[in-house]
Amino acid sequence: MLCSFYKKIYNVVDDPSLDQIISWSKSNNSFIVWNLEGLEREVLPKSIEFGKHYLKFMTELKFYGFKRIKGSAQWEFGHEYFVRGQPELLVKMMFKTGMKRIEELAAIRRAKKKKAKAEAEAKARAEEVEDRLQHLRI
């Protein structure tokens with residue numbers, strides 16, 4: 001089942017009645033937010049997944065794999081699988097984003113495990129030093 005966020009954002013961007021607020025870019029593989037106030041007033045309240053404010057919307061876009069297009073004078077966001085006329089690619093987008101999150105979580109777990117091991121080793125060394133100091137005092 002395709003995550004509703006992907007379907008909803010695709011439908012919003014694809015809706016010609018919202019083109020003054022949000023629309024496809026000329027490249028057809030990204031979208032542009034033309035009117036932030038209109039977005040907050042007309043678009044965001046219609047979907048709980050988008051959040052109520054533009055900053056929350058941007059956070060959600062990042063969470064779902066969208067990237068801000070650098071060099072654009074507008075608020076432009078894209079993803080390699082977010083393409084006009086090809087909604088079937090949204091499944092690939094969802095899968096790729098999900099796999100990236102799984103890899104990030106695995107890296108976090110590995111880092112925590114490595115940190116815990118280092119802390120345990122440091123504690124053991126400190127205890128050994130303390131034990132040796134006790135023997136020297138005798």
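Excluded from the calculations below are hydrogen atoms, water molecules and symmetry mates; all remaining heavy atoms, backbone and side chain alike, are included. The model shown is predicted, which means the values in this text are computed figures rather than measured ones.
With hydrogens and angles disregarded, a donor-acceptor distance shorter than 3.5 Å links the side chain of S25 to the backbone of S30.
Here the shortest heavy-atom pairing between G65 and H79 reads O-CD2, 2.9 Å. Across every non-hydrogen atom of V33 and F57, the tightest pair is CG2-CE2, 4.5 Å. In terms of heavy-atom proximity, E76 sits nearest to I32 at CG-CG1, 3.8 Å.
One distance of note links CD of E40 with NZ of K52; it measures 12.0 Å at 0.5 Å rounding. To the nearest 0.5 angstrom, T59 atom OG1 is 12.0 Å from H53 atom NE2. One finds the NZ atom of K62 at 8.0 Å from the NZ atom of K67 (value rounded to the nearest 0.5 Å).
Partners of S47 under the side chain to side chain donor-acceptor pair (under 3.5 Å) rule, at least two apart in sequence or in another chain, are E49. Qualifying side chain to side chain donor-acceptor pair (under 3.5 Å) partners for Q74, counting only residues two or more places apart in sequence or in other chains: none. Evaluation of the side chain to side chain donor-acceptor pair (under 3.5 Å) rule for R84 yields N28 as partners, not counting sequence neighbours.
Paired with F5 under the rule ring pair (Phe, Tyr, Trp, His ring centres under 6.0 Å), one option of Y64, F63, Y10 passes, and it is Y64.
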Under 3.5 Å, side-chain donor or acceptor atoms of residues 11-22 against the rest of the protein: list the pairs with distances, not counting sequence neighbours.
from : atom 1 : to  : atom 2 : distance (Å)
N11  : ND2    : K7  : O      : 3.2
D14  : OD1    : W24 : NE1    : 2.9
D15  : OD1    : S17 : N      : 2.9
D15  : OD1    : S17 : OG     : 2.7
D15  : OD2    : S17 : OG     : 3.2

For residues 119-133, run the donor-acceptor check on the side chains, cut-off 3.5 Å, and write out each pair with its distance to 0.1 Å, sequence neighbours left out.
from : atom 1 : to   : atom 2 : distance (Å)
E128 : OE2    : R132 : NH2    : 2.8
E130 : OE2    : Q134 : NE2    : 3.1

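Annotation: side chain of E60 is not in contact with side chain of F50 (no heavy-atom distance under 4.5 Å).
Sorted by first then second residue, the ring-ring contact (aromatic ring centres under 6.0 Å, His included) pairs that include residues 27-46, not counting sequence neighbours, are F31-F66, F31-F77, F31-F82.
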Evaluate Q86 against Y81 for side chain to side chain contact (heavy atoms under 4.5 Å, CB included), listing each step before the verdict.
CA-CA 8 Å; Q86 298 183 43; Y81 295 127; over 6 Å; no
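Cluster annotation: M58 is not connected to I69 through the hydrophobic network of ILVMFWY side chains, with a link wherever side-chain heavy atoms come within less than 4.5 Å.
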